[in-house]
Asks: 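The structure that follows is given in the form of structure tokens.
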Number of protein chains: 2
Amino acid sequence: MTPVVESTLHPRERLLRTASRLFYAEGVHTVGVDRLVTEAGITRATFYRHFPSKEDLVEAYLRARSEGIRRAVDAITGTSGGRAALLSVVDLIGDDTCRQDFRGCAFLNAAAEYPDPAHQVRVAIAEHRAWFSGVLRDLLAGAGHPEPDHAARVLVLLRDGALQSGELDDPQVVRETLLRAVHDLLGTGRAA
Amino acid sequence: MTPVVESTLHPRERLLRTASRLFYAEGVHTVGVDRLVTEAGITRATFYRHFPSKEDLVEAYLRARSEGIRRAVDAITGTSGGRAALLSVVDLIGDDTCRQDFRGCAFLNAAAEYPDPAHQVRVAIAEHRAWFSGVLRDLLAGAGHPEPDHAARVLVLLRDGALQSGELDDPQVVRETLLRAVHDLLGTGRAA
DNA sequence: GCAGAAAGACCGATCGTTCTCTCTCTACTC
DNA sequence: GAGTAGAGAGAGAACGATCGGTCTTTCTGC
């Protein structure tokens, strides 16, 4: 089969991109090593030269995705702050659910396939979630919200729900619902 | 290996209970037929006499679980209505997240392993979700909520988020957060 | 007698992983 | 600049284990 990613990229990068696409679209356990190496245009030997095992590739996939999200969020919090930044981050989530290839939250989906909380994959997921919760809390505190901790937890609930519902229900409606719910949570009044 | 469920039950019921336990605790793809028949104390032949394939067992597992939830919710809506019933249903969810063997929402977890929306498993999931959304909307309408459709969608978001976060974060905190968020959503004022 | 269950061998396919062998490109030495 | 070692990558066979699923045979209970 013809490789799906450009052959100019380094094999490791090709593998990681292919893994990211397939793992997200079809799940971790359903995508085998055969499929990965074929579509990445590499060989099995090259696979195991860069990753000790498939599970390490799964972890790398999630960490790379986390990195991308952090960059996107940092770009927002770098230019704005408080309430405006908060709404931009939520916009990001809402827009995500409406994307063509949207298949829910990569981290929640992966967690569903790894029951053991001590597993390296679950640890990577927990780290990403902790980072995101922290960002929300800081933004809420910066916006002068009276209870940033509680509000951040509610936002996480809404985010998790939106990312799950976005795949199972109508994404457009979910997006609207999320935006309205967050708007109500933050209050219609003025804030920093 | 010794069977884990009582041998007095019919083989089909033994299989279904074992499947429910293992699928929920460890995921669908991770649990093989070998494991199922061993722990259920039946043979492969008996398995395939009752279910055409493993995927039919997965569907039966989800439909049985849906049935159980419907019974629990019906018991609530049968004795009370409106706002009181609504809060009881939410209590049910909050308590669920704190259960010892809680591992998130069985339907969301299963959906993560079945990307194809047309798959029979996904259809069963969609049916359950549609039923639940309908119940929430009716209860909200009965409680005199001005926008039952929107509020029901927010409740679904909160529910999905709570069931996911309940496994990944602190379930006690998630429970509190959910209850407060729902309370705020419904308004502190009086209702039917 | 007959259906359903137990027991377990068996199927091809696929799982994740390791292996050998060849080739190419880079980098260092003289 | 020429020669060479060595790492990285391609190609593909092979590993044992397990996957979902089918088969035959024996036994039990109504």
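Here is the naming used below: chain letters follow the sequence lines, and residue numbers restart at 1 for every chain.
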Asks: Give a yes or no on whether the backbone of B:Tyr114 and the side-chain of B:Arg122 come within a donor-acceptor separation of less than 3.5 Å.
Replies: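 Such a contact is found between B:Arg122 side chain and B:Tyr114 backbone.
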
Asks: C:dT17 C1' sits how many Å from A:His50 NE2, rounded?
Replies: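 Taking NE2 of A:His50 and C1' of C:dT17, I get 16 Å after rounding.
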
Asks: Between B:Arg63 and B:Asp56 (salt bridge meaning N to carboxylate O under 4.0 Å), is one present in this structure?
Replies: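 Salt bridge absent between B:Arg63 and B:Asp56.
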
Asks: OP1, OP2 of C:dA5 versus side-chain N and O of B:Thr43: anything below 4.0 Å?
Replies: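 Result: no.
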
Asks: Please state how far atom CZ in A:Phe51 lies from atom P in C:dT17, giving the value in whole angstrom units.
Replies: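 Distance, rounded to whole Å: 13 Å.
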
Asks: What donor-acceptor contacts under 3.5 angstrom involve side-chain atoms of residues 135-145 of chain A, with partners at least two apart or in another chain?
Replies:
{"unit_1": "A:His145", "atom_1": "ND1", "unit_2": "A:Glu147", "atom_2": "N", "d": "3.0"}
{"unit_1": "A:His145", "atom_1": "ND1", "unit_2": "A:Glu147", "atom_2": "O", "d": "3.4"}

Asks: What I want to find out is whether A:Arg153 reaches B:Asp169 closely enough, with some N-O distance under 4.0 Å, to be called a salt bridge.
Replies: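 Between B:Asp169 and A:Arg153 there is no salt bridge, as every charged N stays at least 4.0 Å from the carboxylate O atoms.
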
Asks: Which residue pairs pass the salt bridge (Lys or Arg N to Asp or Glu O under 4.0 Å) test when at least one of the two sits in residues 84-97 of chain A, sequence neighbours left out?
Replies: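 Residue pairs passing salt bridge (Lys or Arg N to Asp or Glu O under 4.0 Å), neighbours aside: A:Asp95-A:Arg175, A:Asp96-A:Arg99.
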
Asks: When the distance from CG of A:Leu15 to C1' of D:dG8 is rounded to whole Å, what number comes out?
Replies: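 Atom-to-atom, A:Leu15 to D:dG8, this comes out as 15 Å.
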
Asks: Using a cut-off of 4.0 Å between protein heavy atoms and nucleotide atoms, how would you tag nucleotides 15-30 of chain D 5' to 3' with B, S and -?
Replies: ----SBBBB-------

Asks: If I take atom CG from residue A:Leu86 and atom NE2 from residue A:His183, how far apart are they, to the nearest 0.5 angstrom?
Replies: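 Interatomic distance, A:Leu86 CG to A:His183 NE2, rounded to 0.5 Å: 11.5 Å.
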
Asks: Between D:dG8 atom C1' and A:Ile42 atom CD1, what is the distance in whole Å?
Replies: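 Value for this atom pair: 12 Å.
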
